[in-house]
Amino acid sequence: MGSLSHVEAEKRQLTREIHQLACLRVRLVYHGNGGVILQNTTKLSLIAEVKERKYEDLELVELRERVPQQKKPLLELKEDGILRYRGHLCVPVASGLRDRITSQAHYSWYSMHPRSAKMYHDIKDVYWWNDMEKNIVEFVI
């Protein structure tokens with residue numbers, strides 16, 4: 001998310017939460033009289049698409065089958081069949097989905113310093129895939 005040193009200490013958590021909403025393609029819109037409306041700007045959010053395409057990546061399907069045999073539980077399988085690595089959604093290799101997630105973080109309205117390190121830290125709060133940091137650096141270059 002970048003540096004928050006310019007944001008008042010008591011407003012930093014709110015700033016983080018607004019940024020997380022932006023990553024989910026949700027916008028806060030002023031609606032007069034001090035009211036705010038939440039708008040989802042996409043028909044299908046990337047998180048929903050990750051969930052829809054969970055069986056398209058054969059490597060993730062294989063990992064999903066091995067979850068019960070783990071000695072150190074790094075992977076978990078949720079009720080909806082979503083595989084998570086240390087709490088982060090495992091993103092399948094499917095139709096440029098990873099590139100779209102990276103692009104969304106790079107071009108977000110709330111992105112202050114769209115560099116690879118910042119993008120990695122923004123994305124890693126929600127998503128995970130092998131070589132994620134390397135892919136993000138390649139995207140920026």
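Please read these numbers as outputs of a predicted model, since none were measured by experiment.
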| field | R100 side chain vs L46 backbone, donor-acceptor pair below 3.5 Å | value | no
| query | Is any side-chain heavy atom of L75 closer than 4.5 Å to a side-chain heavy atom of Q70? | reply | yes
| task | May I ask whether L77 and I82 are part of the same hydrophobic cluster, defined by side-chain heavy atoms of I, L, V, M, F, W, Y residues being less than 4.5 angstrom apart, directly or through others? | result | no
| Do V67 and E76 have side-chain heavy atoms sitting under 4.5 Å apart? | no
| said: I want to check something: taking the side chain as every heavy atom from C-beta on, are V61 and L83 in contact at a cut-off of under 4.5 Å? | reply: no
| request: Look at the side chain of R98 and the backbone N and O of W129, then say whether any donor-acceptor pair between them is shorter than 3.5 Å. | output: no
| said: So that I can tick it off, tell me whether R66 and E62 are bridged by a salt bridge, with the cut-off set at under 4.0 angstrom between side-chain N and carboxylate O. | reply: yes
| message | Considering only residues two or more places apart or on different chains, which pairs with a residue in residues 47-66 satisfy ring pair (Phe, Tyr, Trp, His ring centres under 6.0 Å)? | response | none
| query | How long is the span from the NZ atom in K51 to the NZ atom in K78, to the nearest 0.5 Å? | reply | 10.0 Å
| query | Within the distance-only criterion (no hydrogens, no angle test), does the side chain of E49 pair as donor or acceptor with the backbone N or O of R53 below 3.5 angstrom? | reply | no
| What ring pair (Phe, Tyr, Trp, His ring centres under 6.0 Å) pairs are there with at least one residue in residues 76-98, not counting sequence neighbours? | Y85-W128
| field | Distance (rounded to the nearest 0.5 Å) between C90 SG and K54 NZ | value | 12.5 Å
| Side-chain contact, heavy-atom cut-off 4.5 Å: E56 with V93? | no
| When rounded to the nearest 0.5 angstrom, what is the spacing between CZ in R16 and CD in Q13? | 6.0 Å
| task | Quick one: pull up CG in L58 and CZ in R64 and give me the separation to the nearest 0.5 Å. | result | 10.5 Å
| Could you go step by step and tell me if I101 and V50 meet the side chain to side chain contact (heavy atoms under 4.5 Å, CB included) rule? | CA-CA 10 Å; I101 290 168; V50 167; 4.3 Å; yes
| message | Quick check on the hydrophobic clustering: are Y127 and L97 connected, directly or via other members, by side-chain heavy-atom contacts under 4.5 Å? | response | yes
